[in-house]
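Chain letters run A, B, ... following the sequence lines, proteins first and then strands; every chain starts at 1. Fair warning: this is a prediction, and the values are worked out from it, not measured in the lab.
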2 protein chains.
Amino acid sequence: MDDTRFNLIAKALADPQRFAILQRIAQQDDCPCMALVDECSITQATISHHLKELAGAELISARREGKCGYFTLKPETLAAYQAELSRRLLSGSEAVAPKGRSV
Amino acid sequence: MDDTRFNLIAKALADPQRFAILQRIAQQDDCPCMALVDECSITQATISHHLKELAGAELISARREGKCGYFTLKPETLAAYQAELSRRLLSGSEAVAPKGRSV
DNA sequence: CATACGTTTAGACAAGTATCTAAGGGAGCT
DNA sequence: AGCTCCCTTAGATACTTGTCTAAACGTATG
């Protein structure tokens, strides 16, 4: 995973409101946008902005059906990020386990 | 892990320069401050600032010997962060594995 | 003691971004 | 077609924060 993508994901995870949205989506596949608007204390516009960043980091996928939008966590992106974190920090001076070469 | 601490760690990991410093420290226990100054293209003051944030997030521990400072990664904090990430996002609607109760 | 060296702190500045309001689009309903 | 509903985009604003310079601090050493 290249630095740019790695940092994009890290930043996406680093805002509390945005993470709360992500956490809510993680609880329910195909989570409707309306649910997020109802449960978060920020405006629809801001939520839309955060959703765009989460989608940009590929932490979620978006689906549109009629007027409504639905969002689903992409667990493989999260797993890739965690693997990369370990690869970069926990491989230390000891030889790195080369099984995760670039998820 | 409470939200504040979780977010503190996430933010500490989200800046490229700061992460580069952390990654350098991860490669060498007791990494001297001077090494960071030499290898990074930012001023000593900024490095000191980043080190303070990393230490604040308990991602590193600091040691002082004479004039020089030495820093070491705290892998347990990283592991706790990763466990919390999984707990919050990957436990989904399925019953959460309750073995990691609050690392 | 004075000086030099490594580091930290203070203060300032600029860039990024989270947020809001207001306006724009698209999809369904009447 | 017109209206309403859900969502996105545009533009503005305020706050956060990464960065620098300059000054201060602590520790050795001449």
Task: Under-4.0 Å salt bridge between E58(B) and R5(B) - done: yes
Task: Euclidean distance, atom NZ of residue K67(A) to atom C1' of dT8(D) [Å, nearest integer] - done: 16 Å
Task: I25(A) versus F71(A), closest heavy-atom pair with distance - done: CG2-O, 3.6 Å
Task: Nearest non-hydrogen partners of R64(B) and G66(B), listed with the distance - done: NE-O, 3.5 Å
Task: Between dA18(C) (C1') and N7(B) (CG): distance, integer Å - done: 13 Å
Open item on the list: Using whole Å, what does the distance between atom P of nucleotide dT8(C) and atom NZ of K52(B) come to?
Closed with: 9 Å
TODO: Round to a whole Å and report the spacing from NE2 of H49(B) to P of dT17(D).
DONE: 9 Å
TODO: Write down the distance between CG (L8(A)) and P (dT17(C)), rounded to a whole number of angstrom.
DONE: 10 Å
Task: Value in whole Å for how far the P atom of dA27(C) lies from CE of M34(A) - done: 18 Å
Task: Q17(B) side-chain proximity, nearest of dT19(D), dC20(C), dT9(C) - done: dT19(D)
TODO: Determine: side-chain N/O of T46(B) to OP1/OP2 of dC20(D), distance under 4.0 Å, yes or no.
DONE: yes
Open item on the list: I want to verify a distance call: between dT19(D), dT8(D), dA18(C), whose nearest atom is closest to the S48(A) side chain?
Closed with: dT8(D)
Open item on the list: Quick check for you: among dT8(D), dT19(C), dT8(C), whose closest atom lies nearest to any side-chain atom of R64(B)?
Closed with: dT8(C)
- [ ] Taking only the side-chain heavy atoms of Q44(A) (C-beta and beyond), determine which of dC6(D), dT7(C), dG18(D) contains the nearest atom.
- [x] dC6(D)
TODO: Run the salt-bridge test on R88(B) and D3(B) with the 4.0 Å N-O cut-off and return the result as yes or no.
DONE: yes
TODO: Could you check how far NZ of K11(B) sits from C1' of dT17(D), rounded to whole Å?
DONE: 9 Å
Open item on the list: I want to verify a distance call: between dT21(D), dT19(C), dG6(C), whose nearest atom is closest to the T43(B) side chain?
Closed with: dT21(D)
Task: L59(B) to A12(B) - nearest heavy-atom pair and separation - done: CD1-CB, 3.9 Å
Task: Candidates dC7(D), dG18(D), dT8(C) - which lies nearest the side chain of D15(B) - done: dG18(D)
Task: Between dT8(C) (C1') and R63(B) (CZ): distance, integer Å - done: 18 Å
